[in-house]
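Since the model is a prediction, treat every value here as computed from it, not as a measurement. Computed over heavy atoms, backbone and side chain alike; hydrogens, waters and symmetry mates excluded.
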Amino acid sequence: MTTAPTLSRAEIDALEATLDDEYKSYETYAQVIDDFGAIRPFINIVDAEQRHYTALLRLFDRYGVTPPANRWHGHAPRYASVHEACVAAVTGEIENGALYDRALASTAREEILSVYRALQTASMERHLPAFQRCAGRTSHR
């Protein structure tokens, strides 16, 4: 039996920060759906956020690190309107991209870098434009 390589404190901190952010996104988008119904783009992106945090959890498992609990479950932000939620999601996805820039600088391990790049690309190239379109619409319930 082989043991997993030991991660540095910076690598663990980056994994924890990215997992926390993916949990926040998932719980926030799920709360928007609970509050306003099955609306786009939230119904499309909430499943992607679950895949994102699952990919990060696999890294925790691979390296033998205990992941932090999801502190956002039951504590997600709530919004007065779909428009407000979309505007907040734009900000959140931009912040997510910056978080992944910092996380990418924390490691040279290709397995981790590959996950970070894939998640950052999804946020910047798919989620952000979808929320920007949503925030730009004038009619929201």
Side-chain angles (χ1 to χ4, degrees), residues 2-141:
T2 62
T3 58
T6 302
L7 296 179
S8 71
R9 183 73 251 166
E11 289 171 319
I12 294 169
D13 289 348
L15 276 173
E16 289 176 347
T18 55
L19 180 63
D20 183 67
D21 194 63
E22 296 298 347
Y23 278 152
K24 180 183 180 186
S25 296
Y26 173 81
E27 297 295 343
T28 300
Y29 303 162
Q31 186 65 58
V32 170
I33 293 165
D34 286 348
D35 290 343
F36 299 104
I39 54 169
R40 289 183 182 172
F42 294 95
I43 58 171
N44 304 67
I45 296 174
V46 73
D47 292 335
E49 297 298 348
Q50 185 175 30
R51 288 189 301 276
H52 291 193
Y53 76 67
T54 299
L56 292 167
L57 287 171
R58 281 194 296 272
L59 291 174
F60 278 91
D61 185 55
R62 162 79 173 88
Y63 290 97
V65 176
T66 302
N70 179 353
R71 68 187 176 106
W72 297 100
H73 185 70
H75 302 286
R78 297 185 82 171
Y79 302 98
S81 68
V82 172
H83 181 260
E84 186 181 307
C86 290
V87 169
V90 167
T91 300
E93 294 294 339
I94 292 168
E95 290 170 356
N96 181 268
L99 174 63
Y100 278 109
D101 283 339
R102 293 188 301 276
L104 285 161
S106 74
T107 188
R109 297 174 200 269
E110 191 53 44
E111 179 180 27
I112 296 173
L113 291 170
S114 177
V115 171
Y116 288 167
R117 284 186 204 109
L119 300 184
Q120 184 182 46
T121 297
S123 288
M124 295 294 90
E125 294 181 9
R126 290 190 290 281
H127 304 181
L128 179 58
F131 286 125
Q132 287 170 325
R133 286 189 300 275
C134 177
R137 288 195 289 261
T138 55
S139 63
H140 292 282
R141 30 177 174 159

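Between Glu27 and Arg71 there is no salt bridge, since none of the side-chain N atoms of the basic residue sits less than 4.0 Å from a carboxylate O of the acidic one. Salt bridge annotation for Arg9-Asp13: present, with a cationic side-chain nitrogen under 4.0 angstrom from a carboxylate oxygen.
Between Asp101 and Gln120, the closest side-chain pair of non-hydrogen atoms falls below 4.5 Å. With a 4.5 Å cut-off on side-chain heavy atoms, Ser106 and Tyr116 count as touching. Contact annotation: the side chain of Phe60 never approaches that of Thr66 to less than 4.5 Å [non-hydrogen atoms, C-beta and beyond]. Side-chain contact check for Glu93 versus Gln132: every heavy-atom pair is 4.5 Å or farther apart. With contacts defined as side-chain heavy-atom distances shorter than 4.5 Å, the pair Leu19/Leu15 does not qualify. Side chains of Asp61 and Leu57 form no contact here, defined as non-hydrogen atoms less than 4.5 Å apart. At least one side-chain heavy atom of Val82 sits less than 4.5 Å from a side-chain heavy atom of Ile39. In this structure, the side chains of Tyr63 and Arg109 come closer than 4.5 Å at one or more pairs of heavy atoms.
Leu128 CG to Thr91 OG1: the interatomic distance, rounded to the nearest 0.5 Å, is 9.5 Å. Atom CD1 of Ile12 and atom CG of Leu59 lie 12.5 Å apart (nearest 0.5 Å). For the atom pair Ile112 CD1 and Leu7 CG, the distance stands at 5.0 Å (nearest 0.5 Å). Atom CD of residue Gln50 and atom OG1 of residue Thr54 lie 5.5 Å apart, to the nearest 0.5 angstrom. The structure places CG of Asp21 at 11.0 Å from NE2 of His52, a figure rounded to the nearest 0.5 Å. Interatomic distance, Glu22 CD to Lys24 NZ, rounded to the nearest 0.5 Å: 12.0 Å.
Of all heavy-atom pairs between Cys86 and Ala135, the closest is CB-N, 3.7 Å. The two residues Ala130 and Ile45 have their closest heavy-atom pair at CB-CD1, 4.0 Å. Closest approach of Tyr23 to Pro68, counting heavy atoms only: CE1-O, 3.8 Å. Closest non-hydrogen pair, Arg137 versus Arg40, comes out as NH2-O, 3.6 Å. The nearest pair of heavy atoms linking Thr18 to Tyr100 is CG2-CE2, 3.5 Å. In this structure, Glu11 and Ala108 approach most closely via the heavy-atom pair OE2-N, 4.4 Å.
Residue-environment remark: CZ (Arg117) exceeds the threshold of 12 foreign heavy atoms within 6.0 Å.
Of the options Phe36, Phe42, Trp72, Tyr79, a ring pair (Phe, Tyr, Trp, His ring centres under 6.0 Å) to Tyr29 is made by Phe42 and by none of the others.
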